[in-house]
There are 2 protein chains.
Amino acid sequence: MADDDEITAKRPTIYDLAQIAGTSASAVSSVLNGTWKKRRISARLAERISRIAEEQGYAVNLPARMLRRDRSRVIGMIIPKYDNRYFGAIAEHFETMARERGLFPVITCTQREPDLELEAAREMLSYQVECLIVTGATDPDRIADLCSAARVRAINLDLPGSRAPSVVSDNFSGALELTRVILSRVRADFGTALPLYFIGGRAQDNNTRERLRGFTAAHVEAGLAVPEDNCLMRGYSAAKTLAAMADLKIADGSGVFVNSTIALEGVVRWLHDQPNPPQMRFGCFDWDPFAAFLPQNVGMMQQDVATMLSTAFQLIETPPEGAPTLQIPCRFRPRP
Amino acid sequence: MADDDEITAKRPTIYDLAQIAGTSASAVSSVLNGTWKKRRISARLAERISRIAEEQGYAVNLPARMLRRDRSRVIGMIIPKYDNRYFGAIAEHFETMARERGLFPVITCTQREPDLELEAAREMLSYQVECLIVTGATDPDRIADLCSAARVRAINLDLPGSRAPSVVSDNFSGALELTRVILSRVRADFGTALPLYFIGGRAQDNNTRERLRGFTAAHVEAGLAVPEDNCLMRGYSAAKTLAAMADLKIADGSGVFVNSTIALEGVVRWLHDQPNPPQMRFGCFDWDPFAAFLPQNVGMMQQDVATMLSTAFQLIETPPEGAPTLQIPCRFRPRP
DNA sequence: CTGAAAGCGCTTACAG
DNA sequence: CTGAAAGCGCTTACAG
């Protein structure tokens, strides 16, 4: 692509192109960034410059452009993990939607470590992001403060905060519906009407609390009380969930509300490790295409990632008053 | 964090800090970027500057730093998708390893679209990446050319190319082993000794060819010939795989070699949609924690992402002669 | 031990 | 229709 007779070992700049084209760097710049009609540069010159840029394999130096311009057009996202369908889908939608809006997306994954979250947020600010989407952060408010000090908009996604607008799933309604389904399927399949187990998440985190509230409400409807011992919340770790499951005494005719696909990995492994696996049913808040087909599964509550993200982008485009939390309905996917 | 009596609406620069500290921007710069001992700045001044930077909520402007420095310390990765365990793990390992090496990782996901791949590569070059890891690209050689014209090192990951070093799984050996296992399990469970089906991937792509070679070799060992009709390669789309599966006439006693978890989604759905699902077994080249527990699964060939990436980083650190392809062994994970 | 100054590659008023 | 020049926020020889 690059001319062989090119001597310089460095990448061409607009000055190099200007020299070749016999024009000024200003002209080259405006042709290359699309403002040339406004500057009333002749179509002929514009075309010649474009051709030369192509020939020289020119690529604009984005850091230089960002430094000069008032807006960076970079949008950041921090996300706990990539390795499950929910966060994977969030990352993909974020990238696509950012590009559709002419923004450059930068994502960084923070492993659910509060320190990494903060460090990543700082790094994003250094990168001059115009806006930061904070996904599933342990302490979104600290990050929101950091951002507001730097006059960068922050949006919380998945886990809400109190110092920036938030977009989350409607966890209460989703959990209510999922719990109803599990209860009714257990009754239908086994004739039992026992309170379900609730497995996964952290008692302190908002999503878990909301889901537990929906879970409890569905039990109340059914005239059941949930014993405290039925709830196992050891965070977002399949291993810890698995280790603690022995305490639960899940027997034939049981039903289980699994609070994430991460916890589900623990549940499935536990089931498999039992010498005599109990006849039971589970439902899961979160969707996975393979887990959907597991024999004991009665259905999965799929979060509406597309709507969550388009809502987040709306909040970015037209910032609301205060720090509202918008709830997005989930979609129940019955066992296929 | 920021002082309330601060008037300026813009973010502080080293000049602002210098003024507050009563020193020069040079001093501030070298304190903030760690070169102050070399410049023999007093510990006292260094401390004061650090404190003021903290108080003012200072964050270095990375684009400006990148523009000035000779090395950007940014490393790029393009990747087809985030939403499966393999690519998710690649993205996570890449980020972690880049950070361990003091590099800033930027990932972008290209949806298996050749045009997006090229566009993303150009964007990475504009971002002044020092190196680009090209993962699963349809046409890695075009990207390698683009990079070499810009004097940026490229490394191919997952799919090999001929114009840059490549790191791939040992697809032949992995497929050989996986095929042996499926054949022997089908024999043990059903007493049949029929050639297996091969489902997923693209006939033109290197990984599929290599795996097909291992698949065929295992059949030869077993004294079996593989009918051409047994192979279904409709690319990386669960829907297309599913749509074409009717042609296969998979019956009781069959065995299936599934070439990716993406194809596996199609296979599992097909199985489920059958009025009388055949008694069959499958194995899959690629690992997924839930698919691992599906009843017909005999085992999954897990690619060694950690070793693949540390090998890629080694190639970056000590560039080899030419464009070698390094093969990383896979690990077979039998059905739990 | 420290500062003034040049310059990284752009963009954009400003002045023709 | 076009160019010279300033300046974005840093880093780093260079000169004390």
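Protein chains get the first letters and strands the later ones, always in sequence-line order, with residue 1 at the start of each. Because only heavy atoms are used, hydrogens play no part in the values below, and waters and symmetry mates are left out as well, while side chains stay in.
- Not a single donor-acceptor pair under 3.5 Å links the side chain of A/T108 to the backbone N or O of A/A120.
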Step by step, would you call B/V167 with B/L315 a side chain to side chain contact (heavy atoms under 4.5 Å, CB included)?
-> CA-CA 9 Å; B/V167 180; B/L315 290 175; 3.5 Å; yes

How does DNA chain D look in dot-bracket notation if pairs are Watson-Crick or G-U with both distances under 3.5 Å, crossing ones as [ ], other-strand ones as |?
-> |||.||||||||.|||

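- Base engagement by B/I14 is indicated by at least one non-hydrogen atom pair under 4.0 Å involving a base atom.
- The span of DNA chain D lying next to chain A, judged by atoms under 4.0 Å from heavy atoms, is bounded 5' to 3' by D/dC1 to D/dG9.
- Among the heavy atoms of the strands lying under 4.0 Å from A/S26 is at least one base atom, whether or not backbone atoms are also near.
- Residues B/Q327 and B/S169 have side chains that never bring a donor and an acceptor to within less than 3.5 angstrom of each other.
- Closest non-hydrogen pair, B/M124 versus B/I107, comes out as CE-C, 4.1 Å.
- With a 4.5 Å cut-off on side-chain heavy atoms, A/Y58 and A/R11 do not count as touching.
- In the region residues 120-129 of chain A, proximity to DNA chain D at under 4.0 angstrom, judged on heavy atoms, holds for none of the residues.
- Contacts between residues 44-51 of chain A and DNA chain D, defined by a heavy-atom separation under 4.0 Å, are made by A/L45.
- Counting any heavy atom pair closer than 4.0 Å across all strands shown, A/T23 reaches sugar-phosphate atoms only and no base atom.
- By the ring pair (Phe, Tyr, Trp, His ring centres under 6.0 Å) test, B/F104 pairs with A/Y127, sequence neighbours left out.
- Across every non-hydrogen atom of B/I14 and B/S29, the tightest pair is CD1-CB, 4.2 Å.
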Output, in order, the C-alpha distance, side-chain angles, deciding distance and verdict of salt bridge (Lys or Arg N to Asp or Glu O under 4.0 Å) for B/R101 and B/E317.
-> CA-CA 10 Å; B/R101 288 159 177 79; B/E317 279 145 28; 2.8 Å; yes

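- Looking at heavy-atom distances under 4.0 Å, A/S30 makes no contact with the nucleic acid at all.
- When heavy atoms are screened at a 4.0 angstrom cut-off, B/T13 is found touching the sugar-phosphate backbone but no base atom.
- As judged by a 4.0 angstrom heavy-atom cut-off over every strand, A/S29 is placed among the base-contacting residues.
- A 6.0 Å sphere centred on CZ of B/R99 holds more than 12 heavy atoms belonging to other residues, nucleotides or ligands.
- Looking at A/R51 and A/E47, no side-chain N of the basic residue comes within less than 4.0 Å of a carboxylate O on the acidic one, giving no salt bridge.
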Candidate pair A/K81 and B/E92, rule salt bridge (Lys or Arg N to Asp or Glu O under 4.0 Å), full reasoning | CA-CA 7 Å; A/K81 302 283 288 174; B/E92 282 200 28; 3.1 Å; yes

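- Taking every heavy atom of both residues into account, B/M97 and B/A306 meet most closely at CE-O, 3.6 Å.
- The stretch residues 61-76 of chain A comes close to DNA chain D through A/L67, A/R68, each having a heavy atom under 4.0 Å from the strand.
- Screening B/L309, B/T307, B/V305 for a side chain to side chain contact (heavy atoms under 4.5 Å, CB included) involving B/I328 leaves a single residue, B/T307.
- Between A/A27 and B/Y58, it is A/A27 whose nearest contact on DNA chain D lies nearer the 5' terminus.
- Between B/F87 and B/Y82, the ring center distance fails the sub-6.0 Å criterion.
- Using a 3.5 Å distance cut-off with no hydrogens or angles, the side chains of A/T135 and A/D158 do not pair a donor with an acceptor.
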Check the pair B/E130, B/R71 against salt bridge (Lys or Arg N to Asp or Glu O under 4.0 Å), reporting the backbone distance first and the verdict last.
-> CA-CA 7 Å; B/E130 292 180 7; B/R71 293 188 53 190; 2.7 Å; yes

